[in-house]
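The structure displayed is predicted, hence computed values, not measured ones. Atoms within each ligand, like the ligands themselves, are counted from 1 in listed order. One is the number of the first residue; the rest follow in order along the sequence.
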Amino acid sequence: MSDWILKDVPAFAVVGRVNMGKSAVIATLLEIDDNELIRVSPTPGETTRCQAHKVIFDDKECVRFIDTPGFSRPVEAMRAIQQIHGPGTPGLETLRKFVAEAGEEFGDEKRLLEPLLDGAGVLYIVDPAKPLRDDFLAEMEILRWTGRPRLALLNRRGQTTAADEESWRERLGGAFNLVRTFDAHSARYDERLRLLKSLLEIEERHRDRLEETIRLVENEWKRRREDAAEILLGFLEDALQLKVSATLEESDLTIPSRRERKAELLSKQYFAKLAERELECFAALLKIYRHHLLQADNSVETFTGIDLESAETWTKWGLPRAKLAMAAAVAGGAAGLAVDAATGGLTHGAGTLFGAISGGAAAWFKGGSLPDLRIDLLGGMKLGTGEGKSLSMGPPKNPNFPWVLLDGALARYQQMLNRAHGRRDVEILAGNGGGFTRDFPRERREILAKWFASCLKGSPNRSMEPEVFEALVETLESIE
Ligand SMILES: Nc1nc2c(ncn2[C@@H]2O[C@H](COP(=O)(O)OP(=O)(O)OP(=O)(O)O)[C@@H](O)[C@H]2O)c(=O)[nH]1
Ligand SMILES: [Mg+2]
């Protein structure tokens with residue numbers, strides 16, 4: 001055993017030509033989006049030393065992947081190895097000699113061979129867009145001489161044709177136990193899992209360990225989904241009850257411009273709070289899924305353009321009118337309102353008092369569907385005792401509001417799961433797409449509608465929480 005290999009811990013060295021995406025493959029597979037931990041870069045020769053990346057569950061190392069410098073002079077190295085060996089096929093002994101005796105001109109080759117000589121399996125990364133030339137054949141030949149279990153991965157970095165891939169597969173098939181595709185920039189959870197399962201097929205010696213690792217990975221994924229559903233539930237419950245209020249002075253009531261200014265301020269506050277809640281929710285989700293380069297951007301401005309009244313919103317984000325009416329009928333309390341909306345007789349929350357509200361915040365709900373804004377009497381009965389009145393805003397009366405909120409969250413969730421950790425560009429979590437709620441099965445829609453209605457009334461139905469949680473877990477799973 002050496003520094004690279006531990007007894008009972010399966011190890012795989014990720015090897016290949018410089019700049020093929022070796023580091024990116026490990027980063028995506030192990031969900032590491034930090035360049036301090038794994039450097040992924042367009043500059044060839046970025047990885048200059050071997051580096052072990054461990055998969056650890058409960059303080060126990062389950063499997064390790066060793067990042068290596070890329071082959072830089074494979075043809076020359078192959079010839080040097082053949083020269084050491086003489087006629088016939090070189091094996092581990094000759095490779096050991098090569099590593100011990102060759103000079104620094106083969107520094108990269110020596111370093112990348114070390115973990116293999118110590119017993120690591122081979123994950124060979126190629127970009128099938130590259131022409132299959134002698135230097136690649138030399139790499140394959142050297143790897144074959146190690147006699148280690150070998151899996152070749154086609155990591156498509158650019159455009160390839162089916163014919164290109166086929167000829168790569170044919171050549172790789174002769175030198176490797178298994179050939180698979182794995183796109184480091186787009187592989188999702190199921191592809192990562194499939195890669196782990198492929199390791200089972202080439203590495204018999206560590207079957208139990210690998211099977212256990214796969215089980216642990218699957219369990220953890222399930223737990224993450226449940227954590228995400230819990231966060232989403234909390235966010236919806238909170239957002240649907242959100243309300244802001246301000247005290248009105250006597251002059252606010254009598255001078256229209258002051259009144260409007262107060263109302264405008266309050267609407268800004270409302271949307272800022274809503275945006276803040278969303279931001280918290282997505283920050284928590286990004287943490288669960290270990291993303292640092294994906295950024296939740298929930299400035300109030302990002303909501304601009306969502307128009308709860310427009311046909312496009314109904315079809316893209318929320319529930320279409322017919323389905324909304326059915327859902328509302330089940331929800332009971334909100335039924336009157338929603339059915340109203342479904343038949344076209346929309347009840348506008350914004351009264352004439354607030355017609356003058358303008359600015360970024362008001363754009364959140366274009367078309368007059370501002371959150372219900374009403375004047376409440378402070379302390380109810382105390383009118384006229386000089387204690388003042390309060391102005392409160394939210395939640396919006398538009399029955400599609402909860403569905404739009406949920407759909408936006410689901411679109412972002414999907415974007416997050418599509419993001420591969422091997423990428424190093426910053427991406428904004430904008431959640432384009434959507435339309436998930438539209439296709440909910442009827443039962444799920446009814447459960448949510450009922451619960452939404454209770455939240456909007458300010459008293460979330462606690463006894464429904466287990467089924468709402470289940471519905472959200474199911475939803476997240478179907479999006480994945
Ligand atoms: N489009 C695309 N680009 C990729 C993919 N995988 C890697 N790249 C890019 O290719 C470049 C090289 O990736 P690395 O992972 O650093 O390559 P490497 O093989 O580790 O390179 P060295 O360490 O220098 O030998 C980076 O700019 C990556 O972003 C992929 O699947 N698709
Ligand atoms: Mg690298």
Side-chain angles (χ1 to χ4, degrees), residues 4 11-54 64-77 104-116 120 122-131 133 135-136 138-140 142-143 150-161 164-165 168-169 172 179-192 194-195 198 291-294 417-427:
W4 298 117
F12 298 90
V14 179
V15 298
R17 169 72 41 85
V18 283
N19 221 33
M20 286 291 107
K22 303 179 292 296
S23 298
V25 164
I26 297 181
T28 290
L29 186 65
L30 304 190
E31 300 182 297
I32 304 170
D33 69 356
D34 185 346
N35 250 353
E36 298 286 313
L37 299 174
I38 299 187
R39 185 139 181 86
V40 175
S41 150
T43 318
E46 220 24 82
T47 309
T48 54
R49 313 235 153 252
C50 289
Q51 192 189 353
H53 298 282
K54 306 162 184 179
R64 62 166 61 183
F65 294 89
I66 302 162
D67 199 5
T68 67
F71 279 101
S72 50
R73 304 179 65 221
V75 176
E76 294 84 348
E104 244 335 275
E105 74 270 27
F106 292 121
D108 287 337
E109 281 75 13
K110 284 166 55 155
R111 278 187 282 276
L112 78 90
L113 280 170
E114 263 175 29
L116 299 178
V122 175
L123 271 183
Y124 179 59
I125 314 296
V126 286
D127 177 359
K130 298 272 175 214
R133 288 190 322 243
D135 33 9
F136 287 111
E139 291 170 10
M140 292 183 210
I142 294 171
L143 294 173
R150 294 180 298 286
L151 168 62
L153 287 184
L154 302 174
N155 177 32
R156 293 188 206 95
R157 298 189 315 154
Q159 291 283 332
T160 54
T161 63
D164 283 345
E165 276 199 39
W168 267 105
R169 275 177 185 280
L172 290 165
V179 182
R180 290 266 187 267
T181 55
F182 186 85
D183 288 359
H185 270 204
S186 64
R188 296 159 42 112
Y189 167 71
D190 52 346
E191 284 144 298
R192 300 204 307 269
R194 196 175 138 231
L195 175 50
S198 302
H291 283 292
H292 305 93
L293 296 175
L294 248 187
L417 293 203
N418 283 341
R419 164 84 184 192
H421 289 76
R423 285 171 56 177
R424 290 293 180 263
D425 54 317
V426 171
E427 186 182 339

Exercise. Taking the minimum heavy-atom distance to atom 25 (O) of ligand 1, which of M20, R156, K22 ranks first?
Worked result: K22

Exercise. In Å and rounded to the nearest 0.5 Å, what is the CG to CZ distance from L112 to R49?
Worked result: 13.0 Å

For this session: Could you find the nearest protein heavy atom to atom 6 (N) of ligand 1 and give me its residue, atom name and distance?
Result: N155 ND2, 3.1 Å

Problem set entry | P69-ligand 1 polar pair, N/O distance under 3.5 Å | no

For this session: Ignoring angles and geometry beyond distance, decide whether P44 reaches within less than 3.5 Å of ligand 1 through its nitrogen or oxygen atoms.
Result: no

Seminar exercise, completed: In this structure, atom 1 (N) of ligand 1 is nearest to the protein heavy atom R157 O, 3.3 Å

Exercise. Does the side chain of D67 reach to within under 4.5 Å of the side chain of K22, using non-hydrogen atoms?
Worked result: yes

For this session: Decide, counting backbone as well as side-chain atoms, whether S41 has an N, O or S atom less than 2.8 Å from the Mg ion (ligand 2).
Result: no

Seminar exercise, completed: Of all heavy-atom pairs linking P74 and S72, the shortest is CD-C, 3.4 Å

Exercise. Can you tell me which residue and heavy atom of the protein come closest to atom 22 (P) of ligand 1, and the distance to 0.1 Å?
Worked result: N19 N, 3.6 Å

Seminar exercise, completed: Candidates S41, G16, S23; heavy atom nearest atom 26 (C) of ligand 1 found on S41

Exercise. At the 4.0 Å heavy-atom cut-off, does T48 count as touching ligand 1?
Worked result: no

Exercise. Atom CG of N19 and atom CG of D127: how far apart are they, to the nearest 0.5 Å?
Worked result: 9.5 Å

For this session: Quick one: look up the protein heavy atom nearest atom 23 (O) of ligand 1 and list residue, atom name and how far away it is.
Result: T47 OG1, 2.7 Å

Exercise. Quick one: CZ on R180 to CG on L172, what's the gap to the nearest 0.5 Å?
Worked result: 13.0 Å

Exercise. Going from OG1 on T160 to CG on L154, what distance comes out if it is rounded to the nearest 0.5 angstrom?
Worked result: 8.5 Å

Problem set entry | T48 backbone acceptor or donor facing R111 side chain under 3.5 Å | yes

Exercise. Under 3.5 Å, N or O to N or O, is G21 touching ligand 1 that way?
Worked result: yes

For this session: Take every heavy atom of R423, measure it against each atom of ligand 1, and state whether any distance is under 4.0 Å.
Result: no

Exercise. Is it true that G45 lies under 4.0 Å from ligand 1, counting heavy atoms only?
Worked result: yes

For this session: Flag T47 as yes if one of its N/O/S atoms falls below 2.8 Å of the Mg ion (ligand 2), otherwise no.
Result: yes

Exercise. Hey, what's the ring geometry for F136 with W168, parallel, tilted or perpendicular (30° and 60° as the breaks)?
Worked result: perpendicular

Exercise. Of the protein's non-hydrogen atoms, which lies at the shortest distance from atom 28 (C) of ligand 1, and what is that distance?
Worked result: V40 CG1, 3.7 Å

For this session: Using distance alone, determine whether E46 and ligand 1 share an N or O pair under 3.5 Å.
Result: yes

Seminar exercise, completed: Here the gap from L29 atom CG to I38 atom CD1, rounded to the nearest 0.5 Å, amounts to 9.5 Å

Exercise. Which bit of D67 gets closer than 4.0 Å to ligand 1, counting heavy atoms only: side chain, backbone, both or neither?
Worked result: neither

For this session: Identify the protein heavy atom lying closest to atom 2 (C) of ligand 1, giving its residue, its atom name and the separation to 0.1 Å.
Result: H185 ND1, 3.3 Å

For this session: Check whether any N or O atom of V18, backbone or side chain, sits under 3.5 Å from an N or O atom of ligand 1, and answer yes or no.
Result: no

Problem set entry | Closest approach of any protein heavy atom to atom 15 (O) of ligand 1, naming residue and atom | A24 N, 2.8 Å

For this session: Could you walk me through whether I142 and L113 pass side-chain contact (heavy atoms from CB on, under 4.5 Å), step by step?
Result: CA-CA 9 Å; I142 294 171; L113 280 170; 4.1 Å; yes

Seminar exercise, completed: When rounded to the nearest 0.5 Å, the distance separating CZ of F12 from CG of L151 is 8.5 Å

Problem set entry | Salt bridge present between R17 and E139 (N-O < 4.0 angstrom) | yes

Exercise. Can you list the atoms of ligand 1 that are under 4.0 Å from a heavy atom of T43?
Worked result: 24 (O)

Exercise. Counting from 1, what ligand 1 atoms have a heavy atom of A184 closer than 4.0 Å?
Worked result: 6 (N), 31 (O)

Problem set entry | Test log, rule salt bridge (charged side-chain N to carboxylate O under 4.0 Å, His left out), inputs R419 and D425 | CA-CA 11 Å; R419 164 84 184 192; D425 54 317; 3.5 Å; yes

